[in-house]
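First comes the structure, then the notes that go with it.
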Amino acid sequence: MDSPPSPLKRSTLLALCACVLVAQSMVAAINLLIPQLAASSLHPSATELLWTVDAYVIVFAGLLIPVGALGDRRGRKGVLLAGLALFAAGAALSALAASPALLIAGRGVSGAGAACITPATMSILVQLAGPEHRARALASWTLAIGLGGLAGNAGGGAVGQFLSWRALFWLMVPLAVLLAWAVAVAVPRTDRSPHGRPDPRGTLLLVAALVALLAGIIEGPTYGWTSPRILVLFAVGAALTGLFTWYALRSPAALFDPRVFRSRRLRAAVLGTATGFFGLFSLFYANSQYLQYVKGYGPAVTGLAIVPLTIGMALFPKVATRWQAASGPRPAVATGLFLIGAGLLGASTADAATPYALYACWLLVISAGTGLCMPALTVGVVSALPAHQAGLGSGLGTSAREIGAALGVAVTGTVLAVHAADARAGSFADAMSPALRTVGAVVLVATVLVTVGYRTGSGGAAATR
């Protein structure tokens, strides 16, 4: 018997996926503009350059869970439109910045906008698609996340080679306005959750905990993992997380109930999501430097040279959806994460003499793995919570993505620094090999843990209620 038609229109799906693609692209695009920014009239210090990159990610990831819950309670479309407005305002502030401080502030404002956009788009999709079409809709959303990283690399590279760094931010302003118009026209309003009330205390505790944790992860390679600054950040993050848990277990209207993590399936899906992006962003970080320092490519070609990662992300989500329907999520998740780890180990063998075609083959392996596992992992996080908490589920999943991505960059940067990587071709190639081997090995170990969690875990929202 055929399933009932989905109320999710193609125009709605395209508008929502375009929003999340643009928001995700600004995580990666700035990395390829660092040389131009360093030589610009702003004269940023090394620390200011670091915060120019990190402000977006820290605010973005820190606000995801509370903003996702806010959309469930106050209206997802309204939060999405507010996010696009914040994103445009932050981009305009960055483009007009006359000092590093204003540029960093603009990046933070845009990050707050992205935090509104990402969970709202997913939760709207979950509400409109319904259980029968949810996997397919979330596969498209996951593809948009991956394409956003690639678009950021390609766009940032092109701007870095042919235009001023300000052009990237100016481009985002009319693009956000166009997306807001598309959302206003094509996206219907969804029902608000009748459950829960605003939880300002819990929100403040959780945001502060996430910000401290992310700041420690991102700045660890710069200051040293055992430096007082980093140890204090991790201690504060751990203390605030414990305080949030204690508070949430006793509050009648907590931001979310920590007992949802009793579900092994949810824990496995969150770990798997973080693991996938841990590997993917480690590759993004090393790739741009390998192609420029070792292969001698310019910024624009470097941005395009990672395009093979789009192929598996575009083709394999459909395979993963069918495989999940026939055999459950475990085989697709295990195979996908294994391919990411194996692809990283393969890419670790690249040096100056490696033909680009061979290097691209390893990118294709990683791409296929991402396309296989990410749709199932995304569905796993969302389906582990009740339908009225779709925004919160999106926030949890996307927070796992951003924490995994930050860890991937931090671990890779640390190993590169230990091996004294610099802009010389031989030096960087020698350092990239152990960096990607380390990340690949971590991904493979985590794959075993995730696979065991899927085998023994109970899934579905019911398990968490």
Side-chain angles (χ1 to χ4, degrees), residues 28 31-32 34-35 146-147 149-158 160-161 221 275-316 335-372 405 408-445 447:
N31 290 304
L32 290 166
I34 292 301
L147 293 179
L150 300 172
N153 276 278
Q161 184 151 347
T275 299
F277 273 73
F278 173 77
L280 200 58
F281 272 75
S282 171
L283 176 71
F284 283 153
Y285 183 78
N287 171 78
S288 62
Q289 298 176 77
Y290 167 73
L291 293 175
Q292 292 182 81
Y293 298 158
V294 180
K295 303 299 287 182
Y297 296 171
V301 176
T302 297
L304 292 174
I306 203 172
V307 164
L309 271 175
T310 64
I311 296 174
M313 291 182 187
L315 296 179
F316 279 85
T335 303
L337 290 176
F338 173 80
L339 288 176
I340 293 173
L344 287 165
L345 294 179
S348 73
T349 64
D351 56 23
T354 302
Y356 172 73
L358 177 58
Y359 181 70
C361 288
W362 295 119
L363 297 185
L364 288 170
V365 172
I366 295 169
S367 173
T370 305
L372 277 176
V409 171
V411 170
T412 305
T414 298
V415 178
L416 290 174
V418 167
H419 288 82
D422 58 31
R424 293 175 297 165
S427 171
F428 188 84
D430 290 343
M432 185 180 80
S433 180
L436 292 186
R437 279 203 307 269
T438 299
V439 173
V442 171
V443 169
L444 292 177
V445 171
T447 298

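In this text the structure is predicted, and so the values were computed from the model without any measurement.
For CZ of Phe338, the number of neighbouring non-hydrogen atoms (other residues, nucleotides, ligands) closer than 6.0 Å is 12 at most.
Tyr356 places a side-chain N or O within donor-acceptor distance of the main-chain N or O of Ala305, the cut-off being under 3.5 Å. Between the side chain of Thr354 and the backbone N or O of Asp351 there is at least one donor-acceptor pair closer than 3.5 Å. At least one donor-acceptor pair closer than 3.5 Å links the side chain of Thr412 to the backbone N or O of Gly408.
Smallest separation of non-hydrogen atoms from Lys295 and Ala352: NZ-O, 3.4 Å. In plain terms, the two heavy atoms of Pro308 and Leu364 that are nearest each other are O-CD2, 3.4 Å. Closest approach of Ala347 to Trp362, counting heavy atoms only: N-CG, 3.7 Å. Taking both residues in full, the closest heavy atoms of Gly346 and Thr349 are given as O-OG1, 2.6 Å, listed atom of the first, atom of the second, then distance. Nearest heavy atoms, Leu436 versus Ser282: CD2-OG, 3.7 Å. Scanning both residues, Leu339 and Gly369, for their nearest heavy atoms gives CB-CA, 3.7 Å.
The SG atom of Cys361 sits 11.5 Å away from the CD1 atom of Ile366 when rounded to the nearest 0.5 Å. Here the OG1-CG distance, from Thr275 to Leu280, works out to 12.0 Å after rounding to the nearest 0.5 Å. Within the model, atoms CD1 of Ile340 and OG1 of Thr335 stand 11.5 Å from one another, a figure rounded to the nearest 0.5 Å. In this structure, the separation between CG on Asp430 and CG on Leu416 is 11.5 Å, given to the nearest 0.5 Å.
Ser348 meets the side-chain hydrogen bond (donor to acceptor under 3.5 Å, both in side chains) test with no other residue; sequence neighbours excluded.
Using a 4.5 Å heavy-atom cutoff, the side chains of Val442 and Val411 are not in contact.
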